[in-house]
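Data block below; observations after.
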Amino acid sequence: MPKDNLHTLPPRFTFTLNPYKDFRLSRCPLCRKLTHMRKFALLIHIEGWGFLALGKTCRFCSPCELIIAHKDELEDELVHAFERINPEAIGQPYHVYGTVEKSRWKKSLGREPDELAESLKYVSPFKDKINLTIRGGWAPMEKPNR
């Protein structure tokens with residue numbers, strides 16, 4: 001497998017973005033076990049602006065290593081962040097790429113952004129992403145490759 005030049009850490013976690021505003025997941029859609037809240041530093045690419053490491057508390061299933069972010073909450077936090085940084089970036093398409101090591105993310109808070117190449121050394125891309133759909137209950141639209 002060719003090595004991705006964007007990162008040096010191995011892929012980690014499975015990710016899903018819950019697009020439904022009126023449904024929240026307290027159970028994992030893969031194994032049906034209860035999820036818990038955990039803070040992650042998500043690396044998000046905003047089209048026309050670049051990368052942003054955003055601290056976000058998400059639902060997490062430890063056995064499946066599944067991060068569940070709620071789209072409406074994530075977009076609210078992006079709007080709040082970009083109101084100060086760059087209002088023109090609000091509403092632009094974005095892609096959640098992976099996670100940044102939390103210690104590295106905390107160290108960078110309140111400082112000038114590092115060079116992109118340096119920061120990407122601390123990024124783990126997602127090993128898989130799943131789409132959610134409602135079919136009489138929650139179920140993954142596609143089975144993750146395991």
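Everything numeric in this text was worked out from a predicted model, so none of it was measured.
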Return yes if some donor-acceptor pair links the side-chain N/O of Lys129 with the main-chain N/O of Val96 below 3.5 Å, else return no.
yes
Is any side-chain heavy atom of Lys127 less than 4.5 Å from a side-chain heavy atom of Thr14?
yes
Shortest non-hydrogen pair, Arg27 vs Thr35, comes out as C-CG2, 3.8 Å
Heavy atoms, side chains only, cut-off 4.5 Å: are Ile46 and Ile44 in contact?
yes
Count the heavy atoms of every other residue, nucleotide or ligand shown that sit under 6.0 Å from NZ of Lys102, and state whether that count exceeds 12.
yes
Suppose we call two aromatic rings close when their centres sit under 6.0 Å apart. Are His45 and Phe51 close by that rule?
yes
Flag side-chain contact, heavy atom, 4.5 Å: Cys61 against Cys31:
yes
Among all residues two or more places apart in sequence or in another chain, which pass the ring-ring contact (aromatic ring centres under 6.0 Å, His included) test with Phe13?
Phe40, Phe60
Please step through side-chain contact (heavy atoms from CB on, under 4.5 Å) for the pair Val123 and Thr99, ending with a clear verdict.
CA-CA 6 Å; Val123 172; Thr99 59; over 6 Å; no
Heavy-atom nearest pair, Cys58 first then Ile68, reads CB-O, 3.3 Å
Under 4.5 Å between any side-chain heavy atoms of Leu66 and Ile130, yes or no?
yes
Mind checking whether Leu34 and Leu25 sit in one hydrophobic cluster, side chains of I, L, V, M, F, W, Y counted as touching below 4.5 Å?
no
Non-hydrogen atoms of Leu74 and Leu17 that approach each other most closely
CD2-CD1, 3.9 Å
Quick check: is Leu78 connected to Ile90 through a chain of hydrophobic side chains (ILVMFWY, heavy atoms under 4.5 Å apart)?
yes
Looking only at heavy atoms, which two atoms of Pro125 and Leu9 are closest? And how far apart?
CD-O, 3.9 Å
Linking I/L/V/M/F/W/Y whenever their side-chain heavy atoms sit closer than 4.5 Å, directly or via other members, would Leu42 and Leu52 fall into one cluster?
yes
Heavy-atom nearest pair, Cys64 first then Cys28, reads SG-SG, 3.8 Å
In short, ring-ring contact (aromatic ring centres under 6.0 Å, His included) pairs touching residues 65-96 with sequence neighbours left out are Trp49-Phe82
Look up atom OG1 in Thr16 and atom CZ in Arg59, then write down how far apart they are to the nearest 0.5 Å.
14.0 Å
Smallest separation among heavy atoms of Ser62 and His36, with atom names
OG-CE1, 2.8 Å
Please work out whether the ring planes of Phe126 and Phe15 are parallel, tilted or perpendicular, with thresholds of 30° and 60°.
parallel
Could you give the distance from NZ (Lys39) to OG1 (Thr57), rounded to the nearest 0.5 Å?
4.5 Å
So does Phe23 get a backbone contact from the side chain of Asn18, meaning a donor-acceptor N/O pair under 3.5 Å?
yes
Which residues share a salt bridge (charged side-chain N to carboxylate O under 4.0 Å, His left out) with Glu73, sequence neighbours left out:
Arg24, Lys56
Does a side-chain heavy-atom distance below 4.5 Å link Pro29 with Leu132?
yes
